[in-house]
Amino acid sequence: MKFRVERDALADAVAWTAKSLPSRPSVPVLAGVMLRVADGRLHVSGFDYEVSSQVDVEVQADADGAALVSGRLLAEITKALPAKPVEIAAVGSHLELVCGSARFTLPTMPVEDYPTLPELPQSAGTVDAATFAAAVAQVAIAAGRDETLPMMTGVRLELSGSTIALLATDRYRLAVREISWEPAADDVETTALVPARTLADTAKTLGPLGGSVTVALATAGAGEGMIGFAGGTRKTTSRLLDGQSYPPVRSLFPASFNAEARVPVSALVEVVKRVSLVAEKATPIRLSFTEEGLVVEAGGTEEARASEAMEATFTGEPFTIAFNPQYLIDGLGALGAATAVFGFTDAFKPAVLMPAGDDGEVVPGYRYLIMPIRVGR
C-alpha cells in the first residue's frame with residue numbers, strides 16, 4: 001500500500017473514525033483504524049463490535065493494500081502535521097508517514113485479525129442533514145449518563161409516516177423533538193433506541209456536510225437491532241439498545257397549564273449562572289413568578305445567598321418553583337429561540353419549556369420537560 005493524500009482530508013477522516021474507538025479495547029486490534037486503498041480511494045474505518053465508522057477519501061494511489069494502525073496515535077499525528085501533502089506507505093510490519101520534513105514510522109497490527117465491518121442496513125428514508133443535527137442536539141442533552149440504566153442513555157426514534165420523533169430522558173427531564181423526513185415507504189411504523197453519545201457524534205459530523213442523511217434500520221429481535229446513518233462519504237452503524245420496556249414518557253406532558261411565563265432566554269441564562277455562584281453543585285435555584293416579573297434566588301438562611309430580579313411576562317397565580325440550575329440552562333440553550341415559554345401546572349409538577357417565535361406564539365416541534373425540586377423557603 002502506497003498513496004499520497006491532502007493533509008486536511010486525511011486528518012478529518014482519521015479523527016472522525018478514531019473518535020468512536022474504545023479507550024480500553026477488549027482486544028488490541030479494536031484500537032486500530034483500518035486504512036485500505038483501492039480504485040484510487042482510501043477507505044478509513046473503525047469498529048468495536050458496537051459502533052462502526054467509515055469514510056472515503058480521494059488519494060493518488062501508487063499501490064493498493066491495507067494496514068491497521070493505532071487510531072488515536074494516528075489521529076494525533078495527522079492533526080499535528082504541517083499543511084502539506086502526506087505520503088503514506090506500508091513497509092513490512094510498519095507504516096511510514098512523510099509530510100514535508102516530518103517523518104513517522106508506526107507499528108501495524110495484523111490485518112487478518114480485524115473483524116469484518118457490518119453492512120449498512122436497508123434504507124428506511126432520508127432526512128435533511130442540518131435539521132437532523134439540530135434535532136439530535138436538542139434531545140440528546142436530556143439522555144442519562146448512568147451506564148447502570150442503559151435504557152436511559154439512549155435517544156428513542158419513533159418513525160411514523162413522514163415524521164420522526166426523537167425522545168430522551170434521564171428521569172429528571174425529558175426532551176422531545178419532531179421533524180419531517182422522506183420515508184422509503186409510506187407505511188413506516190417503527191421505533192429504535194440509539195445510544196445518545198453515538199447519535200450525537202454522528203449527527204454533529206453529518207450536519208455540516210449539508211444535503212441529506214440516509215437512515216438505515218434493521219431489527220432482529222429485542223436488543224439485537226442495528227441502525228445506520230450515511231451522508232456524503234461517511235457512514236456509521238450502531239447496535240441498538242433494548243427499548244422494549246421504554247416508559248410511556250409522552251404521558252408526562254400536561255394536557256393544559258394553570259400558569260404561563262414568557263422570559264428572554266439569554267437574560268435568564270445569565271441570571272441563573274450568576275445566582276448559582278453561591279450554590280453548591282446540584283443545589284436548586286428558586287424562580288418566583290408574579291405579575292411584576294421574575295425573581296431568581298439561591299442559597300439558604302445559613303449559607304451564602306443571592307437573588308436577582310428580571311423582566312418576565314406572567315399569567316396565573318403567583319408562585320415559586322425550584323429547579324436544578326444546570327438542567328434549566330441546558331433546556332434554555334436547546335430552545336433555539338430568543339424567548340422561552342414556561343408552562344406550569346403547579347410548583348410540584350413538571351414544568352414545560354417551549355420556544356416562542358418572533359410573534360410570541362409557541363413554535364411547535366420541541367418541548368423540554370423539567371422536574372421541580374421541593375425546597376423550603
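Excluded from the calculations below are hydrogen atoms, water molecules and symmetry mates; all remaining heavy atoms, backbone and side chain alike, are included.
Of all heavy-atom pairs spanning Val271 and Glu308, the tightest one is CG2-OE2, 3.6 Å. Residues Leu120 and Thr236 approach most closely at CD1-O, 3.9 Å, considering heavy atoms. When all heavy atoms of Ser123 and Ala184 are compared, the pair lying nearest together is O-CB, 3.7 Å. Nearest heavy atom pair, residue Ala192 against residue Ile227, reads CB-CD1, 4.4 Å. The minimum heavy-atom distance linking Ala165 with Glu178 is given by the pair CB-CG, 3.9 Å.
A donor-acceptor contact closer than 3.5 angstrom links the side chains of Glu292 and Thr290.
Residues Leu68 and Leu21 do not share a hydrophobic cluster, defined by chaining ILVMFWY side chains whose heavy atoms lie under 4.5 Å apart.
Stacking of Arg177 on the aromatic ring of Tyr366 is not recorded, the 6.0 Å distance cut-off and the 45° axial limit not both being met.
For the pair Ser251 (side chain) and Pro248 (backbone), a donor-acceptor distance under 3.5 Å is present. Arg286 contributes no side-chain N or O that, together with a main-chain N or O of Phe323, makes up a donor-acceptor pair within less than 3.5 Å.
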Verdict with reasoning, Leu74 to Leu97, per side-chain contact (heavy atoms from CB on, under 4.5 Å): CA-CA 10 Å; Leu74 184 61; Leu97 185 153; 4.0 Å; yes
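Annotation: side chain of Leu193 is not in contact with side chain of Leu240 (no heavy-atom distance under 4.5 Å).
Using bins of under 30°, 30° to 60° and over 60° for the plane-to-plane angle, the ring pair Phe289/Phe342 lands in the tilted bin.
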